[in-house]
Amino acid sequence: MEGIYAFCVGLLTACGIFLALRGRTFPVVVGLTLLSYAVNLFLFASGRLKINAAAVLGQSEQYADPLPQALVLTAIVIGFAMTAFVVILAMRGRADLGNDHVDGRLPDIQARQRNRTLRK
Amino acid sequence: MLNNLIWIPLLPLLGTLVPLFASRFSRSACAFLTAGLPALALILVLQNASSIFDGEALYTVYNWIPVIGLELAFRLDGLSLLFALLILGIGLLVILYARYYLSAQDSIGRFYSYLILFMFAMLGVVMSDNLLQMWMFWELTSISSFLLISFWGHKTEARKGARMALTITGAGGLALLAGILLIGEVVGSYNLYEVLNSGDVIRDHVLYPVILVLVLAGAFTKSAQFPFHFWLPHAMAAPTPVSSYLHSATMVKAGIFLMARLYPVLSGTELWFLIVSLTGLATLLLGAYVALFKHDLKGLLAYSTVSHLGLITLLLGMGTELAAVAAIFHIINHATFKASLFMAAGIIDHESGSRDMRQLNGLWKYMPHTATLAMVAASSMAGIPLLNGFLSKEMFFAETLHQDSLGSLSWMVPVLATLGGVFSVAYSTRFIHDVFFNGEPINLPKTPHEPPRYMKVPVEILVALCLLVGIFPSLVIGDLLYAASGAALNGIPPEYSLAIWHGFNLPLLMSFLALAGGLTVYYNRKELFQFQAQFPDNDPKLVFEAVVQLIQRQAETFMQLVENGSLQRYAYMMLSMSFAMMAGPLLDLNATAGLRPELPVDAISVTGVILLTLGAVATVVWHRERMKALVSLSIVGLIVSLMFAKFSAPDLALTQLSVEVVTVILLMLALFFLPQQTPKESSPRRVVRDLGLSAMIGGVIGTICYALMTRPLDSISTFFVENSKTGGGGTNVVNVILVDFRGFDTLGEITVLGIAALGIFKLIARMRLYMPASDENGRPWTLDSHPMMLAIVSQSLLPLALLVSAYIFLRGHNMPGGGFIAGLITAVAIIQQYIAHGVDWVKPRMKVDYQVLIGSGIFIATLTGLGSWLFDRPFLTSWFDYFSLPLIGKFELASAMMFDLGVYLTVIGATMLILANLGKLTTSERPVVSETD
């Protein structure tokens, strides 16, 4: 089970980073969201995986580690606030700069292509 | 020992302010007031002179930063005394001179202020008893020199000259700092006393060559030694008082001073001899030769200064004690005659309007008084008997005969020295003959005449000194020279004679040869000028500028490479770096799997993993079609919350689920204002590159995660599990940790949440967005934006949702739930009303200010924490007890519930502030911030 769990974390990380490296803001936000899933799962896993062991006293015989759970719980909520902040920043960036590229300007390749077509 | 040493540099420091205030008075009053504090400092120096002539040295120390060996330490020994006298004495003369030299348009207050600042810095250099402190003053002289050279900032050459001087001397200063730090490492102290007594330690140390080269780089740049000499002639763009003071008498001597100061420590080796004497010799010859061809009066004097500085350096490099005495003697003599010559050149420039010797001819007729003074000083420069320049030059010639460090080639040194003397005589003759005789002036801007009476006084004083030293050397200068030489040698100076007449000997013959040769060269100057004209006139300024521009271009190319403004690129580099740092240590891990037994795999889990994989991959594949990507993303979020549920974290599952809802709503709202599609602009290379990097990082993270999970855990959590019920009064350990054990963390976290929400509110309020009137295919938005079914269902769901959230909140302490989850559920329920009915419907029905909600949430949480202070307990100590009421039965009351209420309110407030305001953007209720706040 640990193997496929680790696979999920790795896959989410890879997908998150690939999208975070894109040039437009929206894929980057989606990528960061994926990445935060991965980070939360990773953090949670540091308490090791246990089944039927919720950390509620008297409900089961053994308890999962509650500390990483408490950390991840707040991390999820703060993660939402940060996602929201980045999204609004992206919208504001588009409003103020006229494009949604993370660099704040369109890449040179496009400009070069445009120049080439203009010259033709 | 109590003494007044500190006041000698301190008075000029205070004096920098005087001219700024005094400039409102007349120019004479300003000059007079400015001179006051330096004059006082000079008196202090003279008071201490007698004890120093007796062989004492005075010290004063104040601790500054003892940990790094920094102290405020001053010393006054023979060498410092000599330089302090030069700095203050010539400084006062220059103040008087500048009063007449500067025109009415020049800001005399600013000029004097810079000048006194320099005086302070230079006194600091020569009086410092700590090398680091000396370096600080050293840099201050460079800076004040920059300010003075660029005093006429409207002139290009002043700006360029100032920049060049600062670059060269500043770079040298950095080298010097490195050298000083190494000395400090070797000796273990920066205190000059200890350094001077550790000569053998330093010379025997393996780092000695490095130290020597670094320190000499500082000295050579400052004292304009070849190949760094070129900045000095360009510094002549400064007003002439500055040239006279800084660039002949004092600042350029700082490098010489440094060599003399560290003479007992660094000299006496083959390396010292080779570098210092050969540099000095090259500078001496080059300067003397070039000086002859300069048509500019100040240019001639500048190169002559370079040449004389080379002469002193050569003397210091020879390594004999007598040569060091001669060097010190020449420092004094050069300062007097060269300062007076610069002042005379300034007078000529001032009263005739030109410095070009091709125009200046026959001035004897117009200004006989000035001409006499200049001629005496120039004769001293040439080394004519009965003047001070003759004496030190004679000593110099004698010393060149007494060294044998170049082996069988040692005979070349006196010959080349004589050659330097020849050119020295030639350019001095030119200065006299070309300017004051040689026919009539040509096209001068104004008719030359004698300057104001007091402008000549400083020149007269200096020329009188030349004569006095030249005729009664031991009477006038004997004590000072003895004390200074003793200090430079860190011991007792050797026997020497300051007599004018030593009989017929080789040095006298050399002087005679130089005189005869110099006159011959000058007489045949036409041929020599023609010969020189064949060579291209390569201006070192152009070379310097080219080098500076080259460095700048290189720097730009480099910056373009590492910092081109593309965040996308930075993100890539940062991630590559983190990959390298993560992957490295993993190579040392022997086995991926640890000893902890793994859980068995079941079919449901495999199904979940397949769904998650599909969702994540679909998000990536469809990332250009943003709506599809968003839907795939929500699948991933759903599976993640199921994973939490599966692995015994019900609180996390609930939180993730409700956050998932608000996140997707948020992203959908945002998508309305953003392009619906992402253009295809990444090159295939970049896509492959990014795929590679992300796959590698994913692999590494997955490996770490796996290795982590398969290793046994020794956690501190046992404490929380054991004390949850007894100490915190709750059975849901996760919730007790949040609101009790780690309550302070949670308080910080809800504060961050609140701040983020307020920040978002501000960002939204000033947003000017393009709102699409139709979707991407041109279809208009639906007219029925609030469908009736949705409205009815969500309205009837609202009380139910609120009831659920209240239940989740109340049971949170003992069962999965709590403030965070309850807050999110409430927020989702309210948002649903916005979606179903629109802002216009919700607004009159929900009169809650979300900003106030955030504030009161944090307030309640903080207040709960503060409450424990009433019972003399630390912040956030929790309290709980059990009560029983009829009908309800036994129940628990805990202070942690109040805290959780604060969390609950903050979460609702923050979530609603973000989503509701984003939703309102399209409506008339859009948030507006007045421009004034």
Checking side-chain polar atoms at under 3.5 Å, does A/Thr74 have a donor or acceptor matched by the opposite partner on B/Glu749?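 There is such a pair (donor and acceptor under 3.5 Å, judged by atom type) between the side chains of A/Thr74 and B/Glu749.
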Does any donor atom in the side chain of A/Arg22 or B/Ser682 lie under 3.5 Å from an acceptor atom in the other side chain?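 A pair is found: one side chain offers a donor N or O, the other an acceptor, under 3.5 Å apart.
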Among B/Val903, B/Asp745, B/Val907, B/Leu671, which has the most heavy-atom pairs under 4.5 Å with chain A? B/Leu671
To the nearest 0.5 angstrom, please state how far the [atom1] atom of [X] sits from the [atom2] atom of [Y].
X        : Y        : atom1 : atom2 : result
B/Ile639 : A/Cys8   : CD1   : SG    : 9.0 Å
B/Arg711 : A/Arg48  : CZ    : CZ    : 9.0 Å
A/Phe42  : B/Ile701 : CZ    : CD1   : 6.0 Å
B/Leu612 : A/Phe7   : CG    : CZ    : 8.5 Å

A/Ile51 portion near chain B, given a 4.5 angstrom heavy-atom threshold: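 Both parts, backbone and side chain.
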Please classify the contact between A/Val28 and chain B as side chain, backbone, both or neither, with a heavy-atom cut-off of under 4.5 Å.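 A/Val28 has no heavy atom closer than 4.5 Å to chain B.
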Is the closest basic N to carboxylate O distance between A/Asp100 and B/Arg626 below 4.0 Å?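 Counted as a salt bridge, because a side-chain N and a carboxylate O are separated by less than 4.0 Å.
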Is A/Asp103 paired with B/Arg569 through a side-chain N to carboxylate O contact shorter than 4.0 Å? no
Could you tabulate the donor-acceptor pairs under 3.5 Å formed by side-chain atoms of residues 75-89 of chain A, not counting sequence neighbours?
{"unit_1": "A/Thr83", "atom_1": "OG1", "unit_2": "A/Gly79", "atom_2": "O", "d": "2.8"}

Do A/Tyr5 and B/Tyr706 have their ring centres less than 6.0 Å from each other?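 Between B/Tyr706 and A/Tyr5, which both carry aromatic rings, the centre distance is not below 6.0 Å.
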Please assess B/Gln568 against A/His101 for the test side chain to side chain contact (heavy atoms under 4.5 Å, CB included), listing each intermediate value before the final yes or no. CA-CA 9 Å; B/Gln568 204 179 353; A/His101 200 280; 3.5 Å; yes
Side chains of A/Met1 and B/Asp602, heavy atoms from C-beta outward: is any pair under 4.5 Å?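 Heavy-atom side-chain distance check passes, below 4.5 Å.
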Parallel, tilted or perpendicular, judged at 30° and 60°: which one describes the rings of B/His623 and A/Phe18?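 Rings of B/His623 and A/Phe18: perpendicular, over 60°.
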